[in-house]
Each structure stands twice: as C-alpha cells, then as structure tokens.
2 protein chains.
Amino acid sequence: MNEKKRIPKSAVSRLSLYLREIQRLEKDGRDRVSSTELGEFTDLTDAQVRKDLSYFGNFGTSGSGYEIATLKASLRKILGKGAMWPIVLVGVGNIGSALLRYPGFKHEGFVIKEAYDVDRNKIGVRYDELVVKDVADINKNEKGKAAKIAIIAVPEKAAQDVADILVKSNVKCILNFAPVVLKVPEGVTVRNIDLSTELENFSFLLSFSK
Amino acid sequence: MNEKKRIPKSAVSRLSLYLREIQRLEKDGRDRVSSTELGEFTDLTDAQVRKDLSYFGNFGTSGSGYEIATLKASLRKILGKGAMWPIVLVGVGNIGSALLRYPGFKHEGFVIKEAYDVDRNKIGVRYDELVVKDVADINKNEKGKAAKIAIIAVPEKAAQDVADILVKSNVKCILNFAPVVLKVPEGVTVRNIDLSTELENFSFLLSFSK
DNA sequence: CTTACTTCGTGACTTATTTCACGAAGGCGG
DNA sequence: CCGCCTTCGTGAAATAAGTCACGAAGTAAG
Ligand SMILES: NC(=O)c1ccc[n+]([C@@H]2O[C@H](COP(=O)([O-])OP(=O)(O)OC[C@H]3O[C@@H](n4cnc5c(N)ncnc54)[C@H](O)[C@@H]3O)[C@@H](O)[C@H]2O)c1
Ligand SMILES: NC(=O)c1ccc[n+]([C@@H]2O[C@H](COP(=O)([O-])OP(=O)(O)OC[C@H]3O[C@@H](n4cnc5c(N)ncnc54)[C@H](O)[C@@H]3O)[C@@H](O)[C@H]2O)c1
C-alpha cells in the first residue's frame, strides 16, 4: 500500500471505470476478477490496473485476484459514494434540461437539488421534484445545505459571472459546459466539458492522417 | 519549428483553446498577442503556450509576440477548420436532441448531417434541415458522402453495437456519451464524455479534503 | 507436503510532458 | 546606429505517468 506516493490525477478517473466494470460483473453474478481481466474491460494494461488500485490499498489476493464485493465497497468509499451528493445547476437550456431529465445520476449518488435560470420562461418549470428558480435568488443557497458541486450550462458570456456567484455561495467543484476558461480561486476545482475542443481533436486527426 | 518531435496529445486540445481566445481578441479589435497574455487567458504558463505553438511552426516574432490574423489562420489550418465537417449522430434522446438544437457547431465548422434512432417516436422528427432516420437504415451511410465523425448518444446497452455499425460504415472518430469503454479497431479514435466519472472526481476530492 | 500454476504489489526503468532559463531577434527612443 | 526592453524558440533539466518484470503469496491437485 502506498499511502504516501503521489497519485496521478487520471488514476481517479480510472478508478471510476473500474468501479463501473465490477458493478457490471457483480450483476452478472461474478464474484472475483483479476487485474488482467479488468484491464481488458477498460482497455488498460494489467499493470496499470494493479498500480492504480495499489495507490489506495491492498485489495487483491495473490493467485486469485480481487473479490468483487470487497473491491466495490472500497472503491465506493474512496470515490465518496456513500452519500447522495447535492448538485446545483445553472442554466436550464438544451444541455441543462437534458441533465435534469437524466435519471442516471440518482443511481450514481448525485442529485440536482436546485436549478437556476434567468429566463422567465424557464423559471417555475418543474422537473420531477425540482422547480427551476430565478438565478437572482441563487445566493439563498448560501445559508443552508449548500451544494458543493455545481454545473454551469449557461451561454459563454454569462459563465464567468455565474462561476463567481457560485464560488461565493461556497461551491468547491464546477462542471463547466461553456466554452470558456473560468477563473476561480484556489481550492475550487473546475472540469470542462468542451465539445468543440473534442471535435477539433477529431478534425485535426482527420486532416493530418490523409 | 519542430516538425519531427512527438507532439503531446493534450497539445492539440490546448491549440483549440488558443484559437478560441485569439478569435475573441480579434473580435475585440486586437491584432497582436504575447504568449504571456495567451497564457493568462487560458490558465497556462507562457512557456507552455510557446512550446505548444512551436510544435507546429514559428508563428511569433521576438519582441512583439504573435500577430493574431496570422496565428488564427495557422491554427485553423492545423485544426482542419477549412471545411465543414459532417457528423452522424446516433441516439436522439436527451443529449442527442440537445446537440441537434445547438447552433454553435455550425459556427465551429461542424454540422450534424444525419441523425438516427430506433424509437418510432423520434424517427421522422425534423430539426432544422435534418430529419431523424431509422437506425436500421444507417448503412446507407456506407455508399456516399460518409461522415468520418460520429456521436453516440444511445443508452449504455446499445452503445457497442452502434459503434460496430459506425465503424463498418467508415467512421474514424467517435464521441461517446455512453458510460462504456467501446472496443474499436486500430485507426478509429474514441473520445468519451463521461459525466459520471467527472462527478466522481468531484466526490473523491470532496470526501478527501475534509 | 510438494510441485506447478496464478496473480498480486511494487521498485526500477522508460517514456511522456512540462518547466526552466537563456541566446537571439525585433522594436523603439534618442 | 546604439543601447535597452520585450518576447520568442528551444535545448536541457525536472516532474509526472506508465510499463516491466520479478519476488512473494495464494490456490489446487495429487
Ligand atoms: N447544447 C449543446 O449541444 C452544446 C454544445 C457545446 C457547448 N455548449 C455550451 O453549453 C452551454 C449551454 O448550452 P445550451 O445549448 O444548453 O444553451 P441554451 O441557450 O439552450 O441554454 C442556456 C440557458 O442559460 C440561461 N441563462 C443565460 N444567462 C444566464 C444567467 N446569467 N444565469 C442563469 N441562466 C442563464 C438561458 O436562459 C438558457 O436557458 C453554452 O455555453 C454552450 O456554448 C452546448
Ligand atoms: N442525459 C444526460 O444527462 C446523460 C448524463 C450522463 C450520461 N448520459 C449517457 O448518454 C447516453 C444518452 O443519454 P440520454 O439521456 O440522451 O438517453 P435517452 O434515453 O434520452 O436517449 C437515448 C436515445 O437512444 C435511442 N436508442 C436506443 N437504442 C438505440 C439504437 N440501438 N440505435 C439508435 N438509437 C437508439 C433511444 O430511442 C433514445 O432516443 C446514455 O448512454 C446515457 O447513459 C446521459
């Protein structure tokens, strides 16, 4: 076990894949899995799988691999999947409403608890138990049960302002769909979903490869 | 200029950011920019900016930085942004329809030319000039103007099958929203948009930092 | 209990990426 | 034309990430 060593940033994302796979295996009735097999499922080498897991503990047994029930419990713990994480969403347009309609998040331990927009046509709309609120009221988040995770799905021009407000209301993690590099203080983490950039990676590849 | 050296994978994504920023600057009437400034906008070091650009050419001028018009033209060329890239979309659900409604792609040089679904309620629906077709007819893509880029926005269980079909119809790049690791032959590139994994990175961070 | 086989955990090594830091230009004021 | 300032391009150094390969530990069969 390697409690001390630096953990590569991408290792956490891979942990997420491992967890997903072993949950699938568990559903299929499997109860053990080897690093080789897990590697095949996730398109990684067996060594990568073992090393990633070893950053967090000794989950395996020489000769017989990993017990699924145990590994699952450990990975869930590491990834913070004990509780239901509340999320605040800002921008209920194309993307925002797609997220609100997606039932998968609840099963994954995430729930969009609040959603905000500026558009009076959006405000008041109900999605399941949630009603879209006016973004002007967002600071009411500040007082109570404050979500630490936010999703920004507003137009590019509004994104930085929204981020600033979210940071003030104590959000620590932002998933940003707007095509902007957000400026946030230390201690706040931003991850970008940047579809144009993804596509440009493709057009780059395609233009070069012939 | 460094035509020979291996280019870090992430450099291409950063090029995309640089291009976006200088286009913004151009709109603001600016005509030159330095690596330092570009670094500030993109949250990178000046050295990183210069090194990334230097993989592709000598775009700058000592003492006065980069001329925006020139750099923009070069980056657009590198990223393959001369033509309009046709895209095929499979799965017109929450995500798929959000993509179809997004006008931004056209401005970026990408256009969803075909969209497929299995659901008869989706088939036949019109989005602008596009009409959703039956996924059973997807191989008709095979003959003609075949898109090289595809987006998969179907449920997890269907994703691998769809990927196999797309690969057969000569798609070379797949943007995958389904939470699965797709198996594709060499020469085909997959990039995943994996929202659960993104959120699990957050829950990991939040559970550890206190 | 012993042998043969499997599979983990990990230090050492390799490869990839980023950062540093400096020489060489280019611009500008005098 | 000269010094001074700015900013590039880039090898060299540093850091980060991934792969290798092997000892140790487990399993299973006879
Ligand atoms: N839809 C896509 O496929 C797609 C693709 C790539 C990038 N994006 C990016 O994702 C973001 C959202 O895209 P979209 O298609 O959902 O946009 P959209 O225009 O459909 O929705 C944006 C929503 O944000 C709301 N809004 C605007 N300013 C606001 C503010 N200050 N506070 C709160 N709400 C505000 C608008 O009323 C609207 O409902 C954009 O930045 C877009 O560039 C979207
Ligand atoms: N919506 C979200 O916010 C969200 C979040 C995370 C992940 N995802 C993932 O993105 C994917 C799409 O999500 P969604 O919410 O849009 O799902 P959705 O159920 O709304 O839409 C899926 C669409 O795919 C169609 N489909 C099913 N099988 C098909 C097939 N074989 N060929 C063609 N079409 C087929 C369905 O008819 C449906 O229209 C899923 O894999 C989901 O797990 C979505």
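Below, read A as the first sequence line, B as the second, and so on, with proteins coming before strands; counting in each chain starts at 1.
The separation between B:Glu67 atom CD and C:dG27 atom P is 11 Å, rounded to whole Å. As rounded to whole Å, 14 Å separates atom P of D:dG9 from atom CZ of B:Phe56. Here the P atom of nucleotide C:dT18 and the CG atom of B:Leu53 are 13 Å apart, to the nearest Å. Rounded to an integer number of Å, the gap from NZ of B:Lys51 to P of C:dT18 is 10 Å. In this structure, A:Tyr66 atom OH and D:dG26 atom C1' are separated by 14 Å, rounded to whole Å. Atoms CG (A:Asp52) and P (C:dG9) sit 12 Å apart, rounded to a whole Å. Atom CZ of A:Arg14 and atom P of D:dA16 are 16 Å apart (whole Å). In this structure, CG of A:Asp46 is placed 9 Å from C1' of C:dT7, rounded to the nearest angstrom.
Among the nucleotides C:dT18, D:dC8, C:dT10, the one closest to any side-chain atom of A:Ser54 is C:dT10. Taking the side chain of B:Asn58 as heavy atoms from C-beta on, and the options C:dT18, D:dG18, D:dG9, the nearest nucleotide is D:dG9.
Distances shorter than 4.0 Å separate none of the side-chain N or O atoms of A:Arg50 from OP1 or OP2 on C:dG9. The phosphate of C:dT18 (OP1 or OP2) has a side-chain N or O of B:Ser10 nearer than 4.0 angstrom. Residue B:Gln48 places no side-chain N or O under 4.0 Å from the OP1 or OP2 atom of C:dT17.
Minimum heavy-atom separation, A:Ala178 to A:Val154: CB-O, 3.7 Å. Closest approach of A:Ala115 and A:Val92 over heavy atoms only: CB-CG2, 4.0 Å.
A residue-by-residue look at B:Ala47 and A:Ser62 shows that B:Ala47 has its nearest nucleotide of DNA chain D further toward the 5' end. Taking the nucleotide of DNA chain D with the nearest heavy atom to each of B:Ser35 and A:Ser64, the more 5' of the two is matched to B:Ser35.
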Taking it one step at a time, do B:Leu175 and A:Leu195 satisfy side-chain contact (heavy atoms from CB on, under 4.5 Å)? CA-CA 9 Å; B:Leu175 190 61; A:Leu195 300 183; 4.3 Å; yes
Run the salt bridge (Lys or Arg N to Asp or Glu O under 4.0 Å) check on A:Arg24 and B:Glu156 step by step: do they pass? CA-CA 12 Å; A:Arg24 239 166 234 161; B:Glu156 168 195 337; 2.9 Å; yes
Can you check side-chain contact (heavy atoms from CB on, under 4.5 Å) on A:Leu89 and A:Val132, steps first, answer last? CA-CA 9 Å; A:Leu89 167 69; A:Val132 178; over 6 Å; no
Give the C-alpha distance, both sets of side-chain angles, the deciding distance and a yes or no for salt bridge (Lys or Arg N to Asp or Glu O under 4.0 Å) between A:Arg30 and A:Glu37. CA-CA 12 Å; A:Arg30 292 281 307 277; A:Glu37 210 178 352; 2.8 Å; yes
Begin with the C-alpha distance, continue with both residues' side-chain angles, and end with the deciding distance and a verdict on side chain to side chain donor-acceptor pair (under 3.5 Å) for A:Ser16 and A:Arg20. CA-CA 6 Å; A:Ser16 189; A:Arg20 182 183 290 163; 5.2 Å; no
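With hydrogens and angles ignored, no donor-acceptor pair under 3.5 angstrom links the side chain of B:Lys9 to the base of C:dT17.
Overall, the helix from C:dC1-D:dG30 to C:dG30-D:dC1 carries an axis bend of 10° between its ends, with five pairs at each end and the value rounded to 10°.
Heavy atoms of B:Arg32 sit nowhere under 4.0 angstrom from any nucleic acid atom.
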